[in-house]
Amino acid sequence: MDPFLKEISDSITDGLKKTQALLPVDDVDLVIEDNPDWAIPETGVGGQAPTAHIVIISINPLKDGIAKSLYKEITSTLTHELHHCARMKEIGYGKTLWETLVTEGLTAHFDLEVNKGQPKPWDITLKLEQIPELLKKAEKEYDSEKYNHSDWFFGREDRNIPRWTGYSLAYHIIGKYLKNNPDKTATKLYKTPAIEFRDKYIKED
């Protein structure tokens with residue numbers, strides 16, 4: 001990754017500066033790795049926060065066009081994962097499907113809030129007409145701690161769950177909540193329990 005060291009360093013500095021001004025994330029270690037297996041194929045960058053104190057960003061330095069998008073993708077990924085860390089320190093990532101939908105939706109909107117970019121492909125992968133049906137399917141597992149995370153967030157054909165469904169539903173749910181509560185932001189809501197979104201969430205019109 002030597003050719004990209006400046007982009008990596010600058011993007012980390014940018015992402016940290018933006019996030020530290022808004023969330024308590026000073027006690028998080030950051031790992032940057034050359035690991036194509038954990039990078040999202042479409043972007044060449046992937047992220048995970050295995051605990052409230054560690055963020056791992058995986059890069060595929062051989063992806064076509066990575067030099068042009070690396071700065072933006074690392075900054076976006078870092079802010080996303082740091083929001084996870086801040087929330088996990090307060091209330092955890094979530095054990096039920098509903099809790100994880102809220103967590104992922106908040107991080108998606110935090111990314112937009114601080115980076116002023118566009119929604120990620122996984123946040124808008126579903127067509128509007130697909131959302132009501134998949135929300136209805138998800139409702140049956142909202143309170144389950146045995147839900148299959150991979151099925152909902154990475155897709156499962158035999159269950160008619162398209163790839164990235166969970167991310168798109170999460171983005172939709174929190175987006176609608178924020179629209180109906182314009183005084184709220186993903187920053188302000190990072191430690192709000194998921195049940196409060198459930199109680200106030202307005203069903204499809």
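Within the 4.5 Å cutoff, no side-chain heavy atoms of S69 are placed close to those of T43. Here the side chains of W98 and F197 are in contact, with some heavy-atom distance below 4.5 Å. In this structure, Y177 and L189 have side chains that are in contact, with non-hydrogen atoms separated by less than 4.5 Å. Under the 4.5 Å side-chain criterion, counting only non-hydrogen atoms from C-beta, Y71 is not in contact with K6. V55 is listed as a side-chain neighbour of C85, based on a closest heavy-atom distance under 4.5 Å. At least one side-chain heavy atom of L135 sits less than 4.5 Å from a side-chain heavy atom of H172. When side chains are defined from C-beta on, R198 does not count as touching E99, because their heavy atoms never get closer than 4.5 Å. The shortest side-chain heavy-atom distance between P50 and I56 falls under the 4.5 Å cut-off.
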Would you please test I59 and F4 for side-chain contact (heavy atoms from CB on, under 4.5 Å) and show each step? CA-CA 11 Å; I59 299 172; F4 310 116; 6.0 Å; no

Check against side-chain contact (heavy atoms from CB on, under 4.5 Å), N181 and L178: CA-CA 5 Å; N181 298 273; L178 293 174; over 6 Å; no

Stepwise side-chain contact (heavy atoms from CB on, under 4.5 Å) test for Q20 and D26: CA-CA 7 Å; Q20 288 174 324; D26 292 338; 3.1 Å; yes

Given the rule in the side-chain contact (heavy atoms from CB on, under 4.5 Å) test, do I74 and T77 qualify, once you have shown the distances and angles that lead to the verdict? CA-CA 5 Å; I74 291 179; T77 300; 5.7 Å; no

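Atom CD1 of I195 is separated from atom CG of D143 by 7.0 Å, given to the nearest 0.5 angstrom. The structure places CG of L82 at 11.0 Å from CG of L22, a figure rounded to the nearest 0.5 Å. Between D34 atom CG and L62 atom CG the span is 7.0 Å, to the nearest 0.5 Å. If you take OH on Y190 and CG on L106, they are separated by 12.0 Å, rounding to the nearest 0.5 Å. Atom CZ of F154 sits about 13.0 Å away from atom CD1 of I161, to the nearest 0.5 Å. Residue K63 holds its NZ atom at 8.0 Å from CD of E42, rounded to the nearest 0.5 Å.
Within a 6.0 Å radius of CD in Q130, more than 12 heavy atoms belonging to other residues, nucleotides or ligands are found. Counting heavy-atom neighbours within 6.0 Å of D27 CG, excluding the residue itself, gives a total above 12. Counting non-hydrogen atoms of other residues, nucleotides and ligands closer than 6.0 Å to NZ of K72 gives a total of 12 or fewer. For L5, the CG atom is densely surrounded, since the number of other residues' heavy atoms within 6.0 Å is greater than 12. Remark: E157 CD is loosely packed, at most 12 non-hydrogen atoms of other residues, nucleotides or ligands lying under 6.0 Å away.
The backbone N or O of W122 lies less than 3.5 Å from a partner atom in the side chain of S168, making a donor-acceptor pair. Using a distance-only test at 3.5 Å, with no hydrogens or angles considered, no donor-acceptor pair links the side chain of W38 to the main chain of G46. Side chain of K89 to main chain of P24: a donor-acceptor pair is present (N/O by atom type, distance under 3.5 Å, no hydrogens or angles). Side chain of H109 to backbone of Y171: a donor-acceptor contact under 3.5 angstrom is found. Although no hydrogens or angles enter the test, the distance criterion places a donor-acceptor pair under 3.5 Å between the side chain of E113 and the main chain of A186. Side chain of T19 to main chain of L16: no donor-acceptor pair is present (N/O by atom type, distance under 3.5 Å, no hydrogens or angles). Using a distance-only test at 3.5 Å, with no hydrogens or angles considered, a donor-acceptor pair links the side chain of T107 to the main chain of E104. Remark: the backbone N or O of T192 is paired with a side-chain donor or acceptor of R87 at under 3.5 angstrom. Remark: side-chain polar atoms of N148 are paired, donor with acceptor, to backbone N or O of S150 under 3.5 angstrom.
Ring planes of F110 and H83: tilted class, angle from 30 to 60°.
If you chain together hydrophobic residues whose side chains sit under 4.5 Å apart, V28 and M88 never meet in one group. Both L134 and I131 are assigned to one and the same hydrophobic cluster, defined by single-linkage of ILVMFWY side chains at heavy-atom distances under 4.5 Å. Both V25 and I57 are part of a single hydrophobic cluster, where members link through side-chain heavy atoms under 4.5 Å apart. In the hydrophobic clustering of this structure, V114 does not group with I174; members are Ile, Leu, Val, Met, Phe, Trp, Tyr whose side-chain heavy atoms approach within less than 4.5 Å, directly or through other members. If you chain together hydrophobic residues whose side chains sit under 4.5 Å apart, I124 and L169 never meet in one group.
Shortest non-hydrogen contact noted between D123 and Y167 is OD1-O, 3.7 Å. In this structure, M1 and E33 approach most closely via the heavy-atom pair CE-C, 3.9 Å. Contact between I91 and K191 at its shortest, heavy atoms only, is CG2-O, 4.0 Å. The two residues Q48 and E81 come nearest to each other via the heavy atoms C-OE1, 3.4 Å. Considering all non-hydrogen atoms of both residues, T100 and L97 come closest at OG1-O, 2.8 Å. The heavy-atom pair separating D158 from R156 by the smallest distance is OD1-NE, 2.7 Å.
For H84, the ring-ring contact (aromatic ring centres under 6.0 Å, His included) partners at least two apart in sequence or on another chain are H80, Y93. Partners of D111 by side chain to side chain donor-acceptor pair (under 3.5 Å), not counting sequence neighbours, listed by chain and number: S76, N115.
Between K184 and E196, no side-chain nitrogen of the basic residue sits less than 4.0 Å from a carboxylate oxygen of the acidic one, so the salt-bridge criterion is not met. Looking at K68 and E7, no side-chain N of the basic residue comes within less than 4.0 Å of a carboxylate O on the acidic one, giving no salt bridge.
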